[in-house]
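First the structure, in the form of C-alpha cells, and then the observations on it.
Indexing begins at 1, ligand by ligand and atom by atom, following the structure's order. Side-chain atoms are counted along with the backbone in the values below, which use heavy atoms only and exclude waters and symmetry mates. Nothing fancy with the numbering, it's 1 onward along the sequence.
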Amino acid sequence: MPRRLAAPTGTDSSLRVLRVLWVPAAGSIARVKTSAGLDTDAGEVSDTGARLVVAVDGPSGAGKSSASRGVAAALGLRYLDTGAMYRALTWWLLQRGVDTSDPGAVAGLAAEPVIEVSTDPKAPWTRVDGADVSEAIRSREVTGAVSAVAAVPLVRARLIAMQRDIIARNPGIVAEGRDIGTVVAPDAPVKVFLTADGAARASRRATEASWPAASTRAEQDRRDRLDAAQSEKAADAVVIDSTGLELDQVVATIVRLAREHAGISFPRQKSR
Ligand code: DC
C-alpha cells in the first residue's frame, strides 16, 4: 500500500516543498550501509541485498547536480550524472563536425565513442575515448546542441542501457537527469522532481557559466521545449521547488526523504 509522506519539516521552516505526492511503501528496501572506497564499483547493500536508488529529475538550472552530489556524499552513495553522458556524445559529434540537428547522422554514430563517467560525488568527471572532457561538455556550443542529440531514439537507447548498467552495479546511488524516475529506474524507491521558477533557473545558470542573463533565459526556454518529451515527472515523485532555497536545505530535504523512506541508519559511516 502506498503511504503518504509527511511534508519534511526541516530545521528551517522556510523549506518549501510544494507538493508531496503518494509514494510506495518502504517495504521494498531495507538498510543500506554507506559506501566504502569510492573507486570501487558499488556501495554496500543490506543483508537482504536491498538497493537504494535515489532518482532526481527536473529541468536545467533547478540545482539537480549540486543537490544530487550533496545527497550522495551525505549518505555515502554513488552519483550518476546522466546529462553528462548526453553532453559527452554531443561533444564528440561536434568535434567531428557532425550536424547534430540531423537525427540520422547522430543515430549512425551514437555507438561509436567510449563514454565513461565517475560515480564519485566528490570527484565527478566525464571521459570520451579516454580523454577528460569534464569542462568541455559544459561549453555553450555543447549546451546548445545537446537537446537535439538527446532526442534521437538510438542515442537514448544506448545511454539508457549504460545508465541502467551503472545503477545495477552500484547498489546505492543518486542518479540525476530527466527520465530517471520514469524510464531509467522506474522502480527507484525515492524519486524527487526538483524544479524552480524560470527566472531563478536562468539566473543560476548565467552565474555558474558567466553567461548574459537575458540570452541564458531565452536559451533555457528553447531547451525546455526541446527536452519536454524526455522530462515527464514521475507520478510518484516528490516535487521540491528550490526557488529561494539554499543548497543545503534542498540536500537536507532529500536526505530526509531517503532516510524516512528507506529506513537507512545514519549518520553515515566513515569511508574505508
Ligand atoms: O542536465 P543537463 O543540462 O546536463 O542535460 C543535458 C541534456 O541532456 C539536456 O538537453 C537534457 C538531456 N538529458 C536527457 O534527455 N535525459 C537525461 N536523463 C539527462 C539529460
Atom pair CG (Asp241) and CG (Leu194), whose distance is rounded to the nearest 0.5 Å: 8.5 Å

Salt bridge (charged side-chain N to carboxylate O under 4.0 Å, His left out) partners for Arg217, two or more places apart: Asp221

Aromatic Trp125 / basic Arg127 pairing, under 6.0 angstrom, 45° off normal: yes

Test side-chain contact (heavy atoms from CB on, under 4.5 Å) applied to Val117 and Asp81, step by step: CA-CA 8 Å; Val117 289; Asp81 176 358; over 6 Å; no

One pair per line, please: each N/O atom of ligand 1 matched with every protein N/O atom under 3.5 Å away, atom names first, then the distance to 0.1 Å.
unit_1	atom_1	unit_2	atom_2	d
ligand 1	1 (O)	Arg178	NH1	2.8
ligand 1	3 (O)	Arg87	NH2	3.1
ligand 1	3 (O)	Arg223	NH2	2.9
ligand 1	4 (O)	Arg87	NE	2.7
ligand 1	10 (O)	Ser147	OG	3.1
ligand 1	10 (O)	Asp227	OD1	2.9
ligand 1	10 (O)	Asp227	OD2	3.1
ligand 1	15 (O)	Arg156	NH1	2.8
ligand 1	15 (O)	Arg156	NH2	3.3
ligand 1	16 (N)	Arg156	NH2	3.1
ligand 1	18 (N)	Thr82	OG1	3.0
ligand 1	18 (N)	Arg178	N	3.3
ligand 1	18 (N)	Asp179	OD1	2.8

For Lys191 against Gly181, the heavy-atom pair lying closest together: NZ-O, 2.9 Å

Contact check, side chains of Ser66 and Glu176, non-hydrogen atoms, under 4.5 Å: no

